[in-house]
*Asks:* 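Right, I'll just put the structure down here and ask away after.
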Amino acid sequence: MFKRNLKGLLLPMSFVPNSVRVRIAPSPTGNLHVGTARTALFNYLFAKGQGGTFILRVEDSDQERSKEAYVHNIFDSLRAIGIEWDEGPDVGGPKGPYSQMKRLPLYQEYANKLVDAGLAYKAYETSEELTAQREAAVQSGEQDYKYQRPTPEVLAEQQANPTRQPSIRFAVPADRGHVVYQDLVRGEVSIDSNLAGDFVILKSDGTPTYNFAVVIDDMLMEISHVIRGEDHISNMPRQIMLYEALDSLNLLKSPMPAFAHVGMILAPDRSKLSKRHGATAVSDFVAQGYLPEAFCNYMALLGWSPPEGKEIATLDGFARQFKLEKIAHSPAIFERDKLNWFNGQYIRQMTPDTFFAIAKPFLSAEFDLAQYDKPTLVMMLDAVRNNLTTLSDISETVDYFFKTDVVQNSEMVQSVLMTEEGQNVLATFERDFLPKADFSSPEALATTMKDFIESQKPLKTKAVMWPIRVALSGRTHGADLSKTLYILGTDRVKDRIASARQRVVSSS
RNA sequence: GCCCCGUUCGUCUAGUGGCCUAGGACACCUCCCUUUCACGGAGGCGGCAGGGGUUCGACUCCCCUACGGGGUACCA
């Protein structure tokens, strides 16, 4: 039994995987990038929607730039946004190892087989020589430089030199013509295989190049669908030719996967999202006070939209509706506004206790929480969270509950307190409200407050509340006033009202 | 330069030849609610890059131009 796969290769039926296997293959040369995270998310949604397997593979073959710390950041970030892998370096799995540096013998084995079969060969030029050749070609006005195989004489000379460590290059078949494949998101894509010359598959230090490693790894890990960024489209001819070469040698261990290239994520200036735009790593956003779930939810909607229309949903909810064909073809711009909105939605969705637990680290980083008991802190946070965009907004929203001196220096503040009207309100508040106010519960305070506002008619509500609010918090808006009074407690309220009255007298 | 991919409101998108006087979301504006601010609710503003075809009929199909992105490595 045979099945014709996308490229038209004939493959035994036993190769056809009975389940979806996808992977995300980040290289630990930095913290988990937003773009990589989104790709991981799409892979994950597809896998979960299909009942498939999601694999994490670490592409650490770039020894210069790979760092262990980044590996941990990638793991943590992925898990933070709710993505768990079924196979990976830390959890193991049947197709391991899952780090490329541990797979070196595999690449070398396959590279050697290609050499033995004459489909690849050893090349002895140094990188310096190659760079020089490339530059010379550009100088002389040559349009596109291609690697030139050395003449037999030169080759013999190179081989005779024991200091030269050979790399292995794949011999691009001269007559291969256009490589055509069906992209699951874009449809038919056709690229001339002869644009690039023979390419390196194994570097002289024995590590594989990206194009070779992915093919070997995807094949050995029996990946069924490769979902990745569109920056990889131009690699398709090389990878397809590699699959073809392997197949011609009967070395293909699983059929060539299907490919889906998704549009990239761009910065607001339409360039690639990079450090100069600020945060680029998932962990950067988390540190800024974005909830991983909200962040993930936002990312899911970059280049894809749920057919059912509901934009806020869990990963499982999205997975049910996820279709590769529905992924957008064009790049998406990463815009903060909508992310902020999602974050606010998630902040408001939580129970007060959950919110307290999540917000606490952001609070305790700034203030000493010991003066309040937990129920009070929960109330405090619950009272302000409707106003929050990110978790890091919390400290400035509640600072007047912790600081001893209330800052009252803005123009607006002065204009509220320095008026005769404002002063009268404060005087009346001090005289009528404070003595009879019951500070034992916010509810009791709310009732008294209502009465007080009523008693100040025809003054508008704002005219009554603002001077009080400014005296207590240094700002014209904030948490529910009765809760503010309750949390502050009778002593601090009295002090702040009194000092507000004094301060104004002295400065007016 | 060359090759590849792309182009619907400011942004994310729905739309696969007639359902489109182009739908939704964010942002923005207005109003309502309200113990402030916010949240929430109701409205509004705003778009098929341009030009040629094909067709009885194009946002949808084809071609060209413009613009954007990606690639052009012993990086991934």
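No hydrogens, no waters, no symmetry mates; every other heavy atom, side chains included, goes into these values. Chain letters run A, B, ... following the sequence lines, proteins first and then strands; every chain starts at 1. Please read these numbers as outputs of a predicted model, since none were measured by experiment.
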*Asks:* For residues 165-175 of chain A, dump all side-chain donor-acceptor pairs below 3.5 Å to protein atoms at least two apart in sequence or in another chain.
*Replies:*
residue: A:Arg169; atom: NE; partner: A:Asp198; partner atom: O; Å: 3.1
residue: A:Arg169; atom: NH2; partner: A:Asp198; partner atom: O; Å: 3.3

*Asks:* Would you classify A:Leu130 as touching base, sugar-phosphate or nothing, given that sugar-phosphate means primed atoms plus P, OP1 and OP2, and contacts are heavy atoms under 4.0 Å?
*Replies:* base
*Asks:* State whether A:Lys203 places a side-chain N or O below 4.0 Å from either non-bridging phosphate oxygen (OP1 or OP2) of B:rA73.
*Replies:* no
*Asks:* Check for me whether A:Arg164 meets the cation-pi criterion with A:Tyr124, that is, NZ or CZ under 6.0 Å from the six-membered ring centre and within 45 degrees of the ring axis.
*Replies:* no
*Asks:* Rounded to whole Å, please give me the gap between CG in A:Leu481 and C1' in B:rU35.
*Replies:* 7 Å
*Asks:* What is the pairing partner of B:rU34, taking Watson-Crick or G-U wobble pairs with both distances under 3.5 Å in any strand?
*Replies:* none
*Asks:* Determine: side-chain N/O of A:Gln63 to OP1/OP2 of B:rA76, distance under 4.0 Å, yes or no.
*Replies:* no
*Asks:* Not counting sequence neighbours, which residues clear side chain to side chain contact (heavy atoms under 4.5 Å, CB included) with A:Glu188? List them please.
*Replies:* A:Val180, A:Gln182
*Asks:* Just the rounded figure in Å: distance from C1' of B:rC26 to CE of A:Met299.
*Replies:* 17 Å
*Asks:* Would you indicate what A:Ser190 reaches in the nucleic acid, counting non-hydrogen atoms under 4.0 angstrom: base, sugar-phosphate, or nothing?
*Replies:* sugar-phosphate
*Asks:* Go ahead and name the base partner of B:rA22; Watson-Crick or wobble counts if both distances stay under 3.5 Å, otherwise write none.
*Replies:* none
*Asks:* Can a side chain N or O of A:Lys462 be found less than 4.0 Å away from OP1 or OP2 on B:rC37?
*Replies:* yes
*Asks:* Does a nitrogen or oxygen in the side chain of A:Lys272 sit under 4.0 Å from OP1 or OP2 of B:rG68?
*Replies:* no
*Asks:* Rounded to the Å, how far apart are A:Asn211 CG and B:rG71 C1'?
*Replies:* 11 Å
*Asks:* Who does B:rC2 pair with, Watson-Crick or G-U, both distances under 3.5 Å?
*Replies:* B:rG71
*Asks:* Which part of the nucleic acid, if any, lies within reach of A:Asp480 when heavy atoms closer than 4.0 Å are counted: base, sugar-phosphate only, or nothing?
*Replies:* base
*Asks:* With a 3.5 Å limit on both atom pairs, tell me what B:rU7 is paired to, counting Watson-Crick and G-U wobble, or say none.
*Replies:* B:rA66
*Asks:* Could a donor-acceptor pair under 3.5 angstrom be found where the side chain of A:Asn235 meets the base of B:rA76?
*Replies:* yes
*Asks:* Applying a 4.0 Å non-hydrogen cut-off, can you work out what A:Ser305 is touching in the nucleic acid: base, sugar-phosphate, or nothing?
*Replies:* sugar-phosphate
*Asks:* Select base, sugar-phosphate, or nothing to describe what A:His261 touches, counting heavy atoms under 4.0 Å on all strands.
*Replies:* nothing
*Asks:* Show the nearest heavy-atom pair for residues A:Pro331 and A:Leu266, with the distance to one decimal.
*Replies:* CB-CD2, 3.5 Å
*Asks:* Is the phosphate of B:rU35, meaning OP1 or OP2, less than 4.0 Å from a side-chain N or O of A:Arg469?
*Replies:* no
*Asks:* Working to the nearest 0.5 angstrom, can you tell me the gap between A:Leu301 CG and A:Glu311 CD?
*Replies:* 5.0 Å
*Asks:* Heavy atoms under 4.0 Å, any strand shown: does A:Glu59 hit a base, just sugar-phosphate, or nothing?
*Replies:* sugar-phosphate
*Asks:* Need one value for A:Gln165: base, sugar-phosphate or nothing, where a base atom within 4.0 Å counts as base even if backbone is also close, heavy atoms only.
*Replies:* nothing
